[in-house]
Amino acid sequence: EKTRGVWLQRAGAEAKLSRHSEALESLARVTETTGPFAKEAAMLRARLLARTGQGGKAMEVLDALAAADADNEDSQ
């Protein structure tokens with residue numbers, strides 16, 4: 001789990017440097033759909049997909065995030 005956190009931090013740093021493709025590659029290593037990094041990773045993945053012209057995929061990521069967190073009114 002610690003490794004996933006490191007990859008998430010790396011992806012965030014790459015995104016800030018506008019290295020979007022590299023950030024998406026780093027995020028691919030954070031494969032969990034639940035757990036402490038899932039929401040942050042999904043949000044970053046959606047932003048990066050949108051910035052790389054993949055708006056449809058970005059919306060799919062956000063829809064999946066909302067469905068996974070259906071009990072939380074703020075995510076709807």
With a 4.5 Å limit on heavy-atom distance, are the side chains of L17 and E14 in contact?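 Of all side-chain heavy-atom pairs linking E14 with L17, none is under 4.5 Å.
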Within a strict 4.5 Å, meaning less than it, do heavy atoms of the Q54 and L48 side chains meet?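 No, their side chains stay 4.5 Å or more apart.
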[atom2] on [Y] to [atom1] on [X], rounded to 0.5 Å:
X   : Y   : atom1 : atom2 : answer
R19 : E25 : CZ    : CD    : 10.5 Å
E40 : M43 : CD    : CE    : 10.0 Å
R47 : L24 : CZ    : CG    : 11.5 Å
M59 : L49 : CE    : CG    : 12.0 Å
R10 : T3  : CZ    : OG1   : 13.0 Å

Can you see which heavy atom on [X] is nearest to which on [Y], and at what distance?
X   : Y   : value
V30 : A41 : CG1-CB, 3.9 Å
H20 : T52 : CB-CG2, 3.6 Å
A58 : A50 : CB-N, 3.9 Å
R45 : A28 : NH2-N, 4.0 Å

Atom CD of E22 with >12 non-hydrogen neighbours under 6.0 angstrom: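 Counting neighbours around CD of E22, more than 12 heavy atoms of other residues, nucleotides or ligands fall under 6.0 Å, so yes.
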